[in-house]
Amino acid sequence: LNVKPRPRAPPQEGNACEVQGQVMQAWLDRASDPETEIEGWCDDGVGIGINRQIKYCNVFPPVPEEEARAEVPDANELIETAIDNYASMRENAEDAKIEVERVVKKRFASRISKRRVRERFKGGQASKLAIIVKTKDDGTKKRRLIVDLKRSGRNALAYVAERVVLPRLQDAVFMMLMMFQLLVNGGVIAANGLWPPGDFGVELVSGDFSDAYYHFRTHQSEWEHCVSPDVYDDTMLLWIHMCFGLKAAPLIWCRLAAAIARCLAGMVEKWELMFQLYLDDPLLIVAGTREARR
């Protein structure tokens, strides 16, 4: 495909989506893939199912209508700027400040005054922040901010018509058994003269997408539902990018990740690579010579 991404002017708030949606959508369209929304999400931002709906593309199974149906927002609802965050933000004040400053510096969230919030958003509702801090074996800390859109009622308004299907442990085991069956019983090794001799081998590879949800901007029409108290008294945080706690975030991310996974699966033979993808954690089994595996 001879497709070059369109130049995009940097946005005033947040970051432009780093996914080259135009290129990826061209590959998906060429493959007659069911996913049709990647390009629009990258260019315009994603709807979270409140003010802007999430188009169903037959990727994941639909949920019952009564489970997916959105409630009608109160048109007279005024955004609350006087609420405070959860106790975990105060009990872990230093870690909370470090993580908030990180997301602001990376432009995933924008810091704005409470007065500006009231002027800019006539409706919507603010959602409290909590933080989970875990100390790893090497002594470093993993910090995660959680925006409680459930308690604020924002998630109840969201129409999310699909249920993400994730692999189970038995799927990973079955994948490995299938790989070895193809290699040994399927005659791949003998037919290709790979082993022996040579440096043919099989490896398990794991990985992680950092800041997975933050890949996508939320559509500007949804921003009135994406506000939280800051660690400072006179400002609030506007979540320009999808945050942890957003009902639609797992589905949006998994729609992207699953599309990437389908593209990758179409590039290799089954005996060369198989993988499971659990949200933002891939597990791959890779076979071939050392050079081919790398």
Side-chain angles (χ1 to χ4, degrees), residues 13-15 17-19 41-42 45-50 52 54 60 83-112 124-136 140-160 162-164 166 207-220 222-231 235-258 260 277-282:
E13 297 177 278
N15 303 306
C17 181
E18 294 185 13
V19 179
W41 288 348
C42 293
V46 299
I48 61 174
I50 303 178
R52 190 178 179 89
I54 305 166
F60 293 110
I83 65 172
D84 194 9
N85 286 318
Y86 286 109
S88 62
M89 295 289 287
R90 298 186 293 275
E91 295 165 357
N92 301 277
E94 183 178 351
D95 289 303
K97 187 174 182 180
I98 290 173
E99 184 61 13
V100 167
E101 293 299 336
R102 184 185 80 87
V103 298
V104 170
K105 184 177 181 180
K106 284 184 169 288
R107 294 169 59 91
F108 299 144
S110 178
R111 178 172 280 136
I112 56 178
Q125 188 57 267
S127 302
K128 293 183 176 183
L129 278 180
I131 189 170
I132 296 176
V133 182
K134 294 182 179 180
T135 302
K136 300 179 182 179
T140 60
K141 291 183 177 181
K142 180 178 181 179
R143 307 174 182 90
R144 171 168 287 173
L145 293 173
I146 301 172
V147 186
D148 192 359
L149 290 109
K150 182 177 181 179
R151 185 73 176 270
S152 66
R154 301 305 91 190
N155 281 343
L157 302 177
Y159 185 92
V160 180
E162 298 168 70
R163 177 178 291 110
V164 173
L166 298 172
D208 180 70
F209 288 91
S210 61
D211 292 325
Y213 291 171
Y214 294 139
H215 277 66
F216 279 124
R217 294 169 58 89
T218 53
H219 193 271
Q220 193 166 344
E222 304 278 27
W223 286 358
E224 64 183 8
H225 306 293
C226 301
V227 179
S228 294
D230 196 357
V231 290
T235 54
M236 301 194 79
L237 297 174
L238 171 61
W239 294 95
I240 307 296
H241 294 248
M242 290 197 308
C243 56
F244 192 88
L246 192 66
K247 179 180 179 181
L251 172 63
I252 298 293
W253 164 256
C254 286
R255 287 266 295 266
L256 170 67
I260 295 173
L277 186 58
Y278 193 97
L279 283 174
D280 58 344
D281 295 307

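Positions are given from 1, in the same order as the sequence printed here.
N155 places a side-chain N or O within donor-acceptor distance of the main-chain N or O of K247, the cut-off being under 3.5 Å. A distance-only check finds a donor-acceptor pair linking the side chain of R90 to the backbone of N85 [under 3.5 Å]. The backbone N or O of A212 lies less than 3.5 Å from no partner atom in the side chain of D280, so there is not a single donor-acceptor pair.
When side chains are defined from C-beta on, Y213 counts as touching P250, because their heavy atoms get closer than 4.5 Å.
Taking the charged nitrogens against the carboxylate oxygens, D95 and R143 do have a contact shorter than 4.0 Å, which makes a salt bridge. Salt bridge annotation for E162-R255: present, with a cationic side-chain nitrogen under 4.0 angstrom from a carboxylate oxygen. Taking 4.0 Å as the cut-off between side-chain N and carboxylate O, R102 and D211 count as a salt-bridged pair.
A tilted orientation is assigned to the rings of H215 and W253, their planes being inclined by 30° to 60°.
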Hey, mind stepping through F108 and H241 against ring-ring contact (aromatic ring centres under 6.0 Å, His included) and telling me if it holds? CA-CA 5 Å; F108 299 144; H241 294 248; 5.5 Å; yes
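Residues passing the side chain to side chain donor-acceptor pair (under 3.5 Å) test with D230, sequence neighbours excluded: R111, T235. For W223, the side chain to side chain donor-acceptor pair (under 3.5 Å) test picks out T218, with sequence neighbours left out.
For the atom pair D281 CG and D208 CG, the distance stands at 5.0 Å (nearest 0.5 Å).
Across every non-hydrogen atom of V147 and S127, the tightest pair is CG1-CB, 3.7 Å.
By the 6.0 Å contact criterion, OH on Y86 is enclosed, its count of non-hydrogen atoms from other residues, nucleotides or ligands being greater than 12.
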